[in-house]
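Note sheet for the following structure.
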Amino acid sequence: MRGFNETKFNAPAFMLVLLILLGIPFLIGLLVQYNYIQDLERVSDERLTLYEMTLESELQKYEYLPYLISENGMVSEFLAKGGDALPINRFLYRVNNIAGSSVVYIIGTDGIVSAASNWDKPNNFIDLDLSFRPYFKDAMRGKEGQFFGVGITVGEPGFYISHPIRDKGDIIGVAVAKIALSPLERIWREGGETLFVSDSNGVIVLTSRPSWKYKTLTPLDTVMLKKIHDQEQYPGFQLQHLPSHTRTRLGFVEEFTIGKERFLKRTRGIPGTDWGISYLTPQGPLWERTLGVSLTTFVLLGLAILTRLFLRERRLQRLSRRQAIEADHIRDINHQLAQEVEERKRTEHELRAAQEELVQAGKLAALGEMATAIAHELNQPIAAAKTYIASCQLMLKRNKLDELAPTLDKVSDLGDRMAKVTGSLKSFARRSSDKNLEFDLRQAIKEAVSLMKHQFHVENCDLKLSMPGQPVLIIGDRMRLEQVLINLFRNALDALHETDAPQINVKLSLENGQALVRVWDNGPGVPEEIGNKIFEPFVTTKKEGIGVGLGLSISYKIVKDMGGHFRVANRAPSGAEFSVQIPLSTKQQEG
Ligand code: ADP
């Protein structure tokens, strides 16, 4: 029986299984990752929009402030004509308070702060030289200025918005509002999400991660560093490079790596500024989900393959079990057949022995019959001869010699008769003779009838003999043909035992150049169960010891040897008829 363990290693099948086991989970993982990333990006975009809107609204909220201040007549008069700064400072204080900005102030054309909302605070801006600030320069050029930077007095980061102050078309100063963005940052931090805002140089200006603040996304060259330094944009900060890098994955998604942390990054520009806002989604759940699905697929596939292998193994086992049962069955049948063959051989052997015994018995029965016939044929003339001899002795005593001669003649006749009997017996005994001589069939019939005469008489059977007047010449062994006829008479006598007025007919005739001997009786006929098998050896209906079923088969052979035909048929209303047809000798045919 072939077990799974004995199965030959099939390299291509193994490779295929391996490919399915690894390839399908990998592909499914990829698909899941792709879908999940798209989900994440959609969510990121929504979050980005939200954060961007809050930042924008925060900035827009104060956009109008410098303009409002620049439009105030008191302010422009103060800048044009000079005078007491206190009312202006108070005005700016009130404006700042109402608007909720960090500081509002006015710069003269020389870049020096002349009035400020924090005029009475220790670190106030009064008399500060801010001519280097880009927002001042922009406003002096007649534009609105925007700038994110760290304050030079207390180092507080803020967003600066500026507007030129005009007098009859000439710029006489600049109105500025500083907005602190740290509260916004705090809200972001508390929200637990990761995001940052970077300026056009890649400097992170706002972020939910304090450690990233004032770090650069890409290393800055010295020219750029000098420019930033000159503007005192981020005084006191080194603007170190944040050890992170961004790369594009799967052709469409940006991956942001910092240390061991990995994020999916979505970035969008903030309208009206040169800033960009980036939202970061941790990649942990993405990998967890991808790995989870891939592993589940792997396990399920493995289970499916194992189940299939198990079922295949079971099917093979069942098949080989069935084959083993069939093999056993065939072995049993073979064994049975061998026994039957053996049995048949033994039976055949026994049959042969029985056949030989029967042949022997047949011979003995024929011998017995013959002995009876001889005894009967000879007893009667012997008794008569004894009587005649006794008479002769009496005649000698009485000296009646003239009567002696005729009596001795009679004794001599009896001797002749006995010689005749023994002569025919001798010729009957010479049955193995193979002489093929021409003879008159009528003589052979007469001889056979003569030999059976005593039997006909004993059994009270009437014999009717009809033969042509001229000789019927045939060629063959006469003794053997007589044996055939005697056997026919014997069988007829046996069949007639129960018949009243038993009769046997013998008729010799010539038909189509052939001699035809017909022997029929008025007995019961050949039993039906024998039918066609009547000429086969050992077919008999007679009692054991009486018949051996060889007579007709031997006779059949004798007739065939003479080139003749031997047939049997039952007659109506009763009786059996045997016919022997033998070709005539060429001499007779010509005559
Ligand atoms: P056996 O005489 O030893 O039986 P035979 O071969 O001579 O063997 O005969 C075979 C059988 O044929 C007989 O047993 C008998 O049944 C049948 N048979 C032969 N001659 C006759 C007949 N004249 N009438 C009826 N049956 C016959």
Side-chain angles (χ1 to χ4, degrees), residues 351-373 428 431 444-445 448-449 451-466 479-508 516-562 564-581:
L351 269 175
R352 258 182 220 294
Q355 180 179 339
E356 277 162 21
E357 265 176 37
L358 285 170
V359 170
Q360 196 59 29
K363 279 182 187 165
L364 288 174
L367 200 67
E369 263 180 37
M370 209 166 287
T372 315
F428 183 78
R431 55 191 63 189
I445 293 170
V449 168
L451 279 171
M452 290 298 291
K453 210 165 98 191
H454 174 69
Q455 297 296 327
F456 293 137
H457 176 68
V458 168
E459 311 217 2
N460 204 20
C461 179
D462 181 19
L463 181 85
K464 285 199 169 19
L465 181 61
S466 149
M479 293 307 146
R480 297 184 79 197
L481 190 71
E482 282 172 17
Q483 191 182 337
V484 171
L485 294 169
I486 288 167
N487 192 54
L488 287 178
F489 298 152
R490 184 67 264 160
N491 278 345
L493 282 174
D494 286 344
L496 286 166
H497 273 314
E498 310 288 323
T499 309
D500 295 337
Q503 195 180 68
I504 295 176
N505 286 275
V506 182
K507 185 172 182 185
L508 172 63
L516 177 67
V517 188
R518 295 195 295 143
V519 179
W520 70 93
D521 57 59
N522 59 347
V526 177
E528 245 179 52
E529 68 264 24
I530 297 180
N532 301 331
K533 293 191 286 184
I534 196 162
F535 295 119
E536 288 175 17
F538 304 109
V539 173
T540 180
T541 57
K542 293 176 190 170
K543 275 190 228 143
E544 205 178 320
I546 297 177
V548 289
L550 280 175
L552 284 177
S553 69
I554 292 170
S555 301
Y556 185 85
K557 189 172 181 304
I558 291 169
V559 174
K560 281 278 160 194
D561 285 350
M562 292 171 75
H565 293 287
F566 200 179
R567 295 191 188 88
V568 62
N570 277 339
R571 288 171 67 90
S574 70
E577 177 175 320
F578 291 85
S579 58
V580 176
Q581 202 174 8

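One-based numbering, in listed order, for ligands and for the atoms of each. The model shown is predicted, which means the values in this text are computed figures rather than measured ones.
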(message) Is it the case that ligand 1 has an N or O less than 3.5 angstrom from some N or O of Ser553?
(response) no
(message) Only heavy atoms of Ala576, strictly under 4.0 Å: list the atoms of ligand 1 that pass.
(response) 22 (C), 23 (N), 24 (N)
(request) Give a yes or no on whether the backbone of Gln503 and the side-chain of Asp462 come within a donor-acceptor separation of less than 3.5 Å. (result) no
(message) Check this for me: Lys560, atom NZ, are more than 12 non-hydrogen atoms of other residues, nucleotides or ligands nearer than 6.0 Å?
(response) yes
(request) Considering the heavy atoms of Asn487, write down every atom of ligand 1 situated less than 4.0 Å from one of them. (result) 7 (O)
(request) Check each atom of ligand 1 against the heavy atoms of Gly525 and keep those under 4.0 Å away; list them by number with element. (result) 25 (C), 26 (N)
(message) Let me confirm one number: the CG-CG distance from Asp500 to Asn522, rounded to the nearest 0.5 Å.
(response) 9.5 Å
(request) May I ask you to list the atoms of ligand 1 that are less than 4.0 angstrom from any heavy atom of Ile530? (result) 16 (O)
(request) Return the minimal non-hydrogen interatomic distance between Asn570 and Val526, and the atom names on each side. (result) OD1-N, 2.7 Å
(request) Would you please determine whether Gly523 falls within less than 4.0 Å of ligand 1 on a heavy-atom basis? (result) no
(request) State whether the number of non-hydrogen atoms from other residues, nucleotides or ligands found under 6.0 Å of Glu528 atom CD is greater than 12. (result) no
(message) Heavy-atom pairs closer than 4.0 Å: do any link ligand 1 to the side chain of Asp494, the backbone, both, or neither?
(response) neither
(request) Measure from atom 15 (C) of ligand 1 to every heavy atom in Val519, Thr541, Ile534 and give the option owning the shortest one. (result) Thr541
(message) If I take atom CG from residue Leu481 and atom CE from residue Met562, how far apart are they, to the nearest 0.5 angstrom?
(response) 4.5 Å
(request) Report the part of Leu488 (side chain from C-beta onward, or backbone N, CA, C, O) that has a heavy atom under 4.0 Å from ligand 1; answer both or neither where that applies. (result) neither
(request) Can you spot which of Val580, Ile554, Val517 makes a side chain to side chain contact (heavy atoms under 4.5 Å, CB included) with Val559? (result) Val580
(request) Measure the acute angle between the ring planes of Tyr556 and Phe566, then classify it against the limits of 30° and 60° as parallel, tilted or perpendicular. (result) parallel
(message) Checking the N or O distance criterion of under 3.5 Å, is ligand 1 in contact with Leu552?
(response) yes
(message) Show the atoms of ligand 1 that are less than 4.0 angstrom away from any heavy atom in Asn491.
(response) 2 (O), 5 (P), 7 (O), 9 (O), 19 (C), 20 (N)
(request) Answer whether the closest heavy-atom distance between the side chains of Leu488 and Ser555 falls below 4.5 Å. (result) no
(request) Give a yes or no answer on whether the side chain of Asp521 reaches the backbone of Asn491 with a donor-acceptor pair at less than 3.5 Å. (result) no
(message) Only heavy atoms of Ala495, strictly under 4.0 Å: list the atoms of ligand 1 that pass.
(response) 22 (C), 24 (N), 25 (C)
(message) Given Glu536, Lys533, Lys542, Glu577, identify the one with the heavy atom nearest to atom 2 (O) of ligand 1.
(response) Lys542
(message) I want to confirm something. Looking only at heavy atoms, which of Val539, Asp521, Thr540 is nearest to atom 23 (N) of ligand 1?
(response) Asp521
(request) State if Trp520 counts as touching ligand 1 under the rule of any non-hydrogen atom under 4.0 Å. (result) no
